[in-house]
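What's counted below: heavy atoms across the whole structure, side chains too, no hydrogens, waters or symmetry copies. Numbered from 1 within each chain, the chains take letters A, B, ... in sequence-line order.
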There are 2 protein chains.
Amino acid sequence: MQPDEKTGARRERMAADQRQHAILDAAAQILATHGWDEITVNEILAAAGISKGGFYHHFSSKDDILAALVLRFADAATAAATAGQGSSGAGFVDRLSAYLCGSLEWELDHAGEVISIVRLAQRAGNGALFLELARETERRTLPALKEILSEGLKSGAFEIEDVDMTADLILRISRTRWLRFIELQDAARAGDRAAALADLHRRRRAEQQAYERLLDFPSGSIQLPPESAFERILR
Amino acid sequence: MQPDEKTGARRERMAADQRQHAILDAAAQILATHGWDEITVNEILAAAGISKGGFYHHFSSKDDILAALVLRFADAATAAATAGQGSSGAGFVDRLSAYLCGSLEWELDHAGEVISIVRLAQRAGNGALFLELARETERRTLPALKEILSEGLKSGAFEIEDVDMTADLILRISRTRWLRFIELQDAARAGDRAAALADLHRRRRAEQQAYERLLDFPSGSIQLPPESAFERILR
DNA sequence: TGCGCTACATACCGTCAGTCGGTATGTAAT
DNA sequence: ATTACATACCGACTGACGGTATGTAGCGCA
C-alpha cells in the first residue's frame, strides 16, 4: 500500500545537508516577517515542503533549528577573525588598531546583512534568538580581543586594570553601534538626512575617542575607517 | 448548590491586591528553583492555592505575571534614584561622582538581594525575564545618567563626543559588575579566597579607572565606596 | 535480487495556556 | 431586609502545538 499516492504527497528524497539547508532557508524566510515565538513548526514544515517526521529526522526540536539559525546568522554577521595574526610583529597599538579597524571595516562592507540580522534579533518574539546570537558572537570575538589586550598589557605597552572588563566594553561599543546605525538609517529615511549624517560621523569620533580613552592612548592613535566608509549606511 | 463542598475546596475571598501579592509570592518562590520556561501556570496555581479562573481574573496571561515579577525584581535591585538631586548646586564632577558612588553604595548595601536576582536572571529558562528586567532597569537608570552627563557637557565641564554612548558604557559597567562579583563569590567559596579578594579590589580600581578615562578626568577625581564596603560580598 | 540504511510520511499523544459558563461573597441603595 | 449589582473565584473544557510511534519509499551495495 502506498499512502503517499492516496494523499498525493510525493516523496522527494534529498541529501541530508541539502534538506537541512532547505529547511533552514524556509525558517529564515518566515523569520523575516514573523517572530520566532509565534512561528509554529507546522508553518516551517509547510514552507519547506516536508513532513513532520522528515523535519524531526533532521532537527531534534524547535530549539535545535533555532540554534542552527543562530550559527548561520553568526556566520553572516561576524568577521572571520583572521585579523591581527600577520601583524603580530608590529607594536601593540598598531595591532589593536588593526583589529578594531579591520573588524569594523568588515562590518561596514557587509552592512546590509549585518543590519538586517540586528533588526531581526531586535524584534518582538525573538528574545531567545537575540540571546543565543549574542552568546555566539561573544564566543567568537571576545577571545581574540582579550588575547590582544593581555599581550599588550604584558608587554607593558599601556596600563589597564582589568583586561576582561575593557574587552567587554569594547565589545559593547561594537554591539550598540549597529543599533545606533539603524536609528540613524530610519531617521535619514524619515527626511532628517543631514542630521543623521552628522550623528553618524559623531558616532565614529565617539568610538575612536572611547577606544583611546579606555586604553589611555594619545588622541589619534587608533585609526578607524574613513568617514566615507560609514556614509554608505545611509543609502 | 455548592460545588465547593463536594470537592472540599473552600472559597477564600481576599482583597484584589492581597491576592495578587500572594500569587506573585508563590511564583517567585517557584522561580527560585525552576526556570520560567518550565514553570506551568498550574504549578503557580497550586502553590498559590487558587483556581485557574481566579488566577486569570488577576493576571491576563503568563507573560502578564512575568511582567509583574519583573517590576518587583526591579524595585528590589535598583536604587530609588533619589541621588544627585540635592547636589545640583555642586560641580559636575562631584555630582557625577556622587551619583556613581551613591548607586554603587546602595547596591552594595543590598548585595544579597541584588546577587540573588542577578543569579536568577542568568539561569537557564529565564531568558525572557532577563531581557525584560534589563529593559526595565535601563528605563529607570539611564535617563538620570544621561541628564547628568548632558548637563555636564553643556556646562563645559569636560569633553565628550556622545552622551548616549558614554551613558550606555557606564551602565554596562554596573551591569557586568555583579556578574563578576558572582564569579568571585563562587571562587571564594571554592577556596580561592585570597585571590578572589584581590580580584575584587582590582575590579573596584578598574571601574574607577574606566569612569575617569571615559570622561577624561584626572586620576582620583571619581570617588567610589571604600574597599571595605566591597569585602562584604565575599561573606 | 534481496538486504539494510536512511530519508521520509501519517496518525497520534500529552501538555499546557487560555476560555467559558457559572457560583459564591461582598457592598450599596431602597 | 430585600434587591441589585459588582467582584472574586471555581473547574471543566478546548484548541493548538511540540513531539513521538510506527510504518514506508528510495538508494547503495553485496
Undergrad: Assign B/Ile39 to base, sugar-phosphate, or nothing according to its heavy-atom contacts below 4.0 angstrom with the strands shown.
TA: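 Counting heavy atoms under 4.0 Å across all strands, the contact made by B/Ile39 is with sugar-phosphate only.
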Undergrad: Indicate yes or no: does A/Arg204 engage B/Glu161 in a salt bridge with an N to O separation below 4.0 Å.
TA: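 Between B/Glu161 and A/Arg204 there is no salt bridge, as every charged N stays at least 4.0 Å from the carboxylate O atoms.
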Undergrad: Going by an N to O cut-off under 4.0 Å, is there a salt bridge joining B/Arg72 and B/Asp75?
TA: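 B/Asp75 and B/Arg72: not salt-bridged.
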Undergrad: Check the distance between C/dG18's P and B/Phe55's CZ and give it to me in whole angstrom.
TA: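 Going from CZ in B/Phe55 over to P in C/dG18 covers 8 Å.
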Undergrad: Provide, to the nearest angstrom, the distance between the CD atom belonging to A/Glu38 and the P atom belonging to D/dG18.
TA: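 Taking CD of A/Glu38 and P of D/dG18, I get 12 Å after rounding.
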Undergrad: Pick the nucleotide of DNA chain C nearest each of B/Asp37 and B/Arg13; which residue has the one closer to the 5' end?
TA: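 Result of the comparison: B/Asp37.
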Undergrad: Using a 4.0 Å heavy-atom cut-off, does B/Ser60 contact any base of the nucleic acid, only the sugar-phosphate backbone, or nothing at all?
TA: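 It contacts nothing in the nucleic acid.
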Undergrad: Given D/dT20, C/dC8, C/dA17, which nucleotide is nearest the side-chain atoms of B/Lys62?
TA: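 Looking only at side-chain atoms, B/Lys62 lies closest to C/dA17.
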Undergrad: Name the residue closer to the 5' end of DNA chain D, choosing between B/Lys52 and B/Ala16 according to the nucleotide with the nearest heavy atom.
TA: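 Of the two residues, B/Ala16 wins.
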Undergrad: D/dG19 P sits how many Å from A/Leu66 CG, rounded?
TA: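 For the pair A/Leu66 CG and D/dG19 P, the rounded distance is 12 Å.
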Undergrad: Nearest to the B/Thr40 side chain among D/dG19, C/dC16, C/dC8, which nucleotide is it?
TA: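 Within the option list, the nearest is C/dC16.
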Undergrad: C/dC16 C1' sits how many Å from B/Trp36 CH2, rounded?
TA: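 Between C1' of C/dC16 and CH2 of B/Trp36: 13 Å.
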Undergrad: Could you check how far CD1 of A/Ile23 sits from C1' of C/dA9, rounded to whole Å?
TA: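 After rounding, the gap between these two atoms is 13 Å.
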Undergrad: Sub-3.5 Å donor-acceptor pair from the side chain of B/Glu231 to the main-chain atoms of B/Leu197, do we have one?
TA: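 It does not hold such a pair.
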Undergrad: Look at A/Arg232 together with A/Asp109 and state whether they make a salt bridge at an N to O cut-off of under 4.0 Å.
TA: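 Result for this pair is yes, salt bridge flagged.
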Undergrad: Without decimals, in angstroms, what is the distance between B/Glu12 CD and C/dT23 C1'?
TA: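 To the nearest whole Å, that distance equals 17 Å.
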Undergrad: Taking the minimum atom-to-atom distance to the side chain of A/Tyr56, which one of C/dT25, D/dT20, C/dC8 wins?
TA: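 The nucleotide sitting nearest to the side chain is D/dT20.
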Undergrad: Hey, which of these two, A/Asn42 or B/His58, hits DNA chain D nearer its 5' end, going by closest nucleotide?
TA: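 Between the two, 5'-proximity favours B/His58.
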Undergrad: Rounded to whole Å, how long is the line connecting atom CD1 of A/Ile44 with atom C1' of D/dG19?
TA: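 These atoms are roughly 14 Å apart.
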Undergrad: Starting at atom CG of A/Leu45, determine the distance to atom C1' of D/dA16, rounded to an integer number of angstrom.
TA: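 Checked: the CG to C1' distance equals 15 Å.
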Undergrad: Is B/Arg95 salt-bridged to B/Glu151, cutoff N-O under 4.0 Å?
TA: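 So B/Arg95 pairs with B/Glu151 through a salt bridge.
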Undergrad: Look at the side-chain N and O atoms of B/His57 and state whether any lies under 4.0 Å from the OP1 or OP2 oxygen of D/dA8.
TA: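 Yes, because at least one side-chain N or O of B/His57 sits under 4.0 Å from OP1 or OP2 of D/dA8.
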